[in-house]
There are 2 protein chains.
Amino acid sequence: MYIWASQLTIMNKNHLYKGTLSTILLKLLEEHGRMYGYELSKKAKEVTQGDLDITEGALYPALHKLEAEGLLTTEIEMAGKRQRKYYKLAEKGEGEARKRIDELAEYARNLQQFLNPQPGHG
Amino acid sequence: MYIWASQLTIMNKNHLYKGTLSTILLKLLEEHGRMYGYELSKKAKEVTQGDLDITEGALYPALHKLEAEGLLTTEIEMAGKRQRKYYKLAEKGEGEARKRIDELAEYARNLQQFLNPQPGHG
DNA sequence: GTAAATGCATAAGAAAGTAATGTATATTTG
DNA sequence: CAAATATACATTACTTTCTTATGCATTTAC
């Protein structure tokens, strides 16, 4: 028995991104430079056409961990009375960040090849 | 501080496949028909060039869950004195299986596009 | 003025992995 | 032929990483 109707409006495909979330954040920061948490979650949703709706309980711990690992640095700024915590790639962690992004990119290629074989080349 | 040397021979990229494992099993069964657990793990390793090394603690619970969900049916056969538990896609679950595979395929395409933008089209 | 959006964060619990252990048969290798 | 490795199933304790819920505060839209 399935209960779908009440959830239709908030369906996403978060379960597919398990394990790849922090690397997606690294890629977004590499592309856009300096970004704050809320901005990252909105951008992630935008570039995945709504498929990836990062919850706060996933977003902030992931960012904190990347910072603790030395891959990100932070600066807090005030927008009016509201604080924003900006993240950017740490210079000392750029090698590791690039490595993780490359690894995920290769994974994406392999997975696509496995699941979407090109007609006439199989 | 990193400890890599002693682990080099067994490195894999399992962490990337989190959340996609059971759908990869469905795709393998769709492609190859009837397979048993151990065979599935070897085939998965083969098609991913060693990147995906499914542990038994992941493999068997995943298969049991797919069976409980009605997506797979099983038949036990003896190979000599050793038993093999063969899995195949259940007829009643083919729609759901196809849906999950399609969803993962779309995810793979999106992720690849995000991470590997084509030069001259960005 | 009230709801929704913006902005940070943490805590309890669930899901899905890893590593280790257990049991047994078959094959390869020195 | 003895021992190591491979085949074949499974479970358990633990870890990581997510979801859901909660909390606090400011700003914008209706």
Side-chain angles (χ1 to χ4, degrees), chain A residues 6-7 9-26 34-46 51-69 72 74-87 100 104 107, chain B residues 6-7 9-26 34-46 51-69 72 74-87 100 104 107:
Chain A
S6 63
Q7 296 180 12
T9 49
I10 53 163
M11 276 306 296
N12 58 48
K13 296 177 184 172
N14 284 7
H15 56 287
L16 295 173
Y17 291 86
K18 284 211 179 217
T20 67
L21 179 56
S22 63
T23 307
I24 287 171
L25 295 175
L26 291 176
R34 204 159 148 279
M35 297 177 82
Y36 56 97
Y38 189 79
E39 190 183 10
L40 278 161
S41 74
K42 292 302 155 195
K43 183 59 76 175
K45 192 167 185 173
E46 181 193 320
D51 285 347
L52 179 57
D53 191 4
I54 307 178
T55 60
E56 291 137 303
L59 175 67
Y60 294 112
L63 287 171
H64 298 165
K65 190 180 180 194
L66 287 171
E67 188 184 0
E69 290 171 327
L72 301 182
T74 61
E75 285 169 19
I76 293 177
E77 280 185 23
M78 302 308 290
K81 289 184 185 175
R82 196 153 55 187
Q83 72 166 18
R84 285 176 178 170
K85 193 166 173 183
Y86 280 92
Y87 291 87
R100 292 191 194 181
L104 184 58
Y107 157 69
Chain B
S6 64
Q7 296 180 14
T9 50
I10 54 162
M11 275 306 297
N12 58 49
K13 297 177 184 172
N14 283 8
H15 56 287
L16 296 172
Y17 291 86
K18 284 206 180 220
T20 68
L21 179 56
S22 64
T23 308
I24 287 171
L25 294 175
L26 291 177
R34 205 157 148 280
M35 296 177 84
Y36 56 97
Y38 188 79
E39 189 183 11
L40 278 161
S41 74
K42 293 301 155 195
K43 182 60 76 177
K45 192 167 185 174
E46 181 194 319
D51 284 348
L52 178 56
D53 191 4
I54 308 176
T55 60
E56 290 137 304
L59 175 67
Y60 294 113
L63 288 171
H64 297 165
K65 190 179 180 194
L66 287 171
E67 187 185 2
E69 290 172 327
L72 302 182
T74 60
E75 286 168 18
I76 292 176
E77 280 185 23
M78 301 309 289
K81 288 184 183 175
R82 197 153 56 188
Q83 74 167 16
R84 285 177 178 166
K85 193 165 171 183
Y86 280 91
Y87 290 86
R100 291 191 194 181
L104 184 58
Y107 156 70

Under 4.0 Å, counting only non-hydrogen atoms across every strand here, what does [X] touch: a base, just sugar-phosphate, or nothing?
X       : answer
B:Tyr17 : nothing
B:Gly37 : sugar-phosphate
B:His15 : nothing
B:Glu56 : base

Of A:Lys18 and A:Tyr86, the one whose closest DNA chain C nucleotide lies more 5':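 Result: A:Tyr86.
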A:Leu26 vs A:Leu104, side-chain contact (heavy atoms from CB on, under 4.5 Å): CA-CA, chis, key distance, verdict: CA-CA 11 Å; A:Leu26 291 176; A:Leu104 184 58; over 6 Å; no
Stepwise salt bridge (Lys or Arg N to Asp or Glu O under 4.0 Å) test for A:Glu39 and A:Lys42: CA-CA 5 Å; A:Glu39 190 183 10; A:Lys42 292 302 155 195; over 6 Å; no
Quick one: is [N] close enough that its OP1 or OP2 comes under 4.0 Å of any side-chain N or O from [X]?
X       : N      : result
A:Lys85 : C:dA9  : yes
A:Tyr36 : C:dG7  : yes
B:Thr55 : C:dT18 : yes
A:Asn14 : D:dC18 : no

NZ (A:Lys13) with more than 12 external heavy atoms under 6.0 Å: yes
Rounded distance (nearest 0.5 Å) linking atom OH of A:Tyr86 with atom CG of A:Leu72: 15.5 Å
Euclidean distance, B:Thr74 OG1 relative to B:Ile76 CD1, rounded to 0.5 Å: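 Those atoms lie 6.5 Å apart.
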Could you check how far [atom1] of [X] sits from [atom2] of [N], rounded to whole Å?
X       : N      : atom1 : atom2 : value
B:Lys81 : D:dC9  : NZ    : C1'   : 17 Å
A:Tyr38 : D:dT26 : OH    : C1'   : 12 Å
A:Lys43 : C:dG7  : NZ    : P     : 14 Å
A:Leu16 : D:dT17 : CG    : P     : 18 Å
A:Lys13 : D:dC18 : NZ    : C1'   : 19 Å
B:Leu25 : C:dA16 : CG    : P     : 13 Å
B:Leu63 : D:dT11 : CG    : P     : 12 Å
A:Leu59 : C:dG7  : CG    : C1'   : 11 Å

Report the nucleotide, chosen from [options], that has the shortest atom-to-atom distance to any side-chain atom of [X].
X       : options               : answer
B:Tyr60 : D:dT11, C:dG7, C:dG17 : D:dT11
A:His64 : D:dA10, C:dA5, C:dT10 : C:dT10
A:Lys42 : C:dT6, C:dT18, C:dA9  : C:dT6
B:Pro61 : D:dA10, D:dT11, C:dC8 : D:dT11
A:Leu21 : C:dG7, D:dC18, C:dA9  : D:dC18
A:Lys65 : C:dA9, D:dC9, D:dT17  : D:dT17

Comparing B:Gly57 and A:Gly57 on DNA chain D - which has the more 5′ nearest nucleotide: B:Gly57
Donor-acceptor contact below 3.5 Å, side chain B:Asn14 vs main chain B:Asp53: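 Checking the backbone N and O of B:Asp53 against the side chain of B:Asn14, a donor-acceptor pair under 3.5 Å is found.
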base_contact_polar (D:dT27 base, A:Arg82 side chain, donor-acceptor, <3.5 Å):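 When only heavy-atom distances are counted, A:Arg82 does not reach the base of D:dT27 through any donor-acceptor pair under 3.5 Å.
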